[in-house]
Amino acid sequence: MKRITIAIDGYSSCGKSTLAKQLAKELGYTYIDSGAMYRAATLYMLENDISPENIPAVVDALRHIKIEFRINPVNGQQETYLNEGNVEREIRSMQISNLVSPMSAIAEVRAAMVAQQQELGKAKGVVMDGRDIGTVVFPDAELKLFMTAKPRIRAQRRFEELMAKGDGSSFEEVYQNVLSRDLIDTTRKVGPLVKATNAIEIDNSHITREEQYNLALNYALQTIHQLSAKAD
Ligand code: DC
């Protein structure tokens, strides 16, 4: 069977990473969370007191950032490492969520992350989720999915996740964060969130995770079978 690249883009808190992980597991592909890379870079800037307004300092800092994904042997989950330290938990905090969009709007930050993502995805058999995967990182991806859901529904899902982790943010804070990230992600000059012309849109406002997974898996299997038949 031909191994393909699957690009999953869409708005914040749309369940992209859950879907991407499920697909990667089922197909035996590698999952790459591009948002975690922007979050880890943002954490580095925060820890080193570098503001997104200070572009020369941001550019200099990019040389000192090494981001990797490692599998936790205990639970089998993929975790993000920044300069050898496990930052998986820290990068999901509201503080990072509030800072990550301005940081990821910087052209130099995007260029550095895109180059690393292209390197990580060189070998086929990859599912990568983000905002510009089907448009910038892998414009030739064989399957592109674009996920949307109503902002209030996304905020409610995110709020429940944060509550379960003991984060004390209010629903209103989470909702405002979703709206502000949507605005910054869709209006930035470099690599804005936009549906690739050949992407398949999935609005998951009113479908279950399972329905969405089955839909996406069908698209993936169809694409793999079609391309494998062509190659024969
Ligand atoms: O997928 P996420 O919510 O963890 O991503 C965090 C932020 O990173 C998001 O607000 C925008 C940015 N991002 C990006 O600009 N490009 C990507 N490919 C992935 C994420």
Side-chain angles (χ1 to χ4, degrees), residues 5-21 23-24 31-46 52 58 62 65 67 69 77-80 82 87-121 126-139 141 144-149 151 153-155 157-159 161-162 165 167 169 173-196 199 204:
T5 299
I6 303 179
I8 304 185
D9 288 304
Y11 292 90
S12 298
S13 305
C14 249
K16 297 184 297 293
S17 63
T18 308
L19 176 66
K21 273 184 217 163
L23 285 179
Y31 164 60
I32 300 166
D33 177 352
S34 73
M37 298 171 72
Y38 288 95
R39 286 174 180 271
T42 302
L43 176 65
Y44 182 90
M45 305 298 172
L46 179 70
V58 170
L62 286 170
I65 295 177
I67 301 165
F69 296 108
Q77 295 290 320
Q78 185 169 292
E79 295 177 335
T80 313
L82 169 64
V87 292
E88 186 55 40
R89 210 184 149 80
E90 282 163 279
I91 61 169
R92 310 288 167 192
S93 70
M94 269 300 282
Q95 192 183 17
I96 296 297
S97 294
N98 281 325
L99 281 171
V100 65
S101 279
M103 204 53 92
S104 53
I106 299 170
E108 290 84 350
V109 172
R110 302 206 69 77
M113 296 298 131
V114 168
Q116 282 188 41
Q117 289 152 8
Q118 288 172 335
E119 192 57 36
L120 286 169
V126 166
V127 186
M128 190 177 293
D129 75 325
R131 306 293 187 288
D132 59 343
I133 311 304
T135 50
V136 177
V137 181
F138 297 124
K144 300 179 186 178
L145 301 176
F146 188 83
M147 294 173 59
T148 66
I153 292 181
R154 287 187 276 133
R157 290 173 184 161
R158 184 93 190 103
F159 173 62
E161 258 172 41
L162 286 168
K165 284 186 194 163
D167 184 303
S169 308
E173 272 176 274
V174 178
Y175 180 52
Q176 289 309 323
N177 174 257
V178 163
L179 292 181
S180 105
R181 282 208 281 160
D182 282 2
L183 183 70
I184 301 177
D185 292 347
T186 51
T187 56
R188 68 174 167 238
K189 291 210 170 67
V190 190
L193 170 64
V194 57
K195 180 176 170 267
N204 65 19

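Remember, it's 1-based here, ligands and their atoms both numbered in the order they're listed.
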Going by distance only, is there an N or O of R131 that falls short of 3.5 Å from an N or O of ligand 1? yes
Is it the case that the side chains of D185 and S101 hold a donor-acceptor pair, with the cut-off being a distance below 3.5 Å and no angle test? yes
Non-hydrogen atoms of R110 and V190 that approach each other most closely: CD-O, 3.3 Å
Backbone, side chain, both or neither: what part of M113 comes under 4.0 angstrom of ligand 1, heavy atoms only? neither
Please indicate whether Q176 has more than 12 foreign heavy atoms, meaning atoms of other residues, nucleotides or ligands, lying under 6.0 Å from its CD. yes
What's the shortest distance from atom 19 (C) of ligand 1 to any protein heavy atom, and which residue and atom give it? S34 OG, 3.3 Å
Checking contacts here: is it the side chain or the backbone of R110 that comes within 4.0 Å of ligand 1, counting heavy atoms only? Could be both or neither. side chain
Atom 12 (C) of ligand 1 - nearest protein heavy atom and its distance: S104 OG, 3.4 Å
May I ask you to check whether R92 has an N/O atom sitting below 3.5 Å from an N/O atom of ligand 1? no
If you measure from each non-hydrogen atom of R158 to ligand 1, which part falls under 4.0 Å: side chain, backbone, both or neither? neither
Any heavy atom of Q117 closer to ligand 1 than 4.0 angstrom? no
Ligand 1-proximal atoms of D185, by part, heavy-atom distance under 4.0 Å: side chain
State whether the side chain of D9 and the backbone N or O of D132 hold a donor-acceptor pair below 3.5 Å, judged by distance alone. yes
Heavy atoms from other residues, nucleotides or ligands near OH of Y11 exceed 12 (cutoff 6.0 Å): no
Would N204 and R154 count as having a side-chain donor-acceptor pair, cut-off 3.5 Å? no
R188: numbered ligand 1 atoms lying under 4.0 Å from its heavy atoms: 14 (C), 15 (O), 16 (N)
Among all protein heavy atoms, pick the one closest to atom 4 (O) of ligand 1 and tell me residue, atom and distance. R39 NE, 2.7 Å
Modelled atom types, side-chain donor and acceptor of R92 and S97, under 3.5 Å: no
Looking at K21 and D33, does any basic side-chain N land under 4.0 Å from a carboxylate oxygen? no
Contacting atoms of ligand 1, where contact means under 4.0 angstrom from a heavy atom of S101: 10 (O)
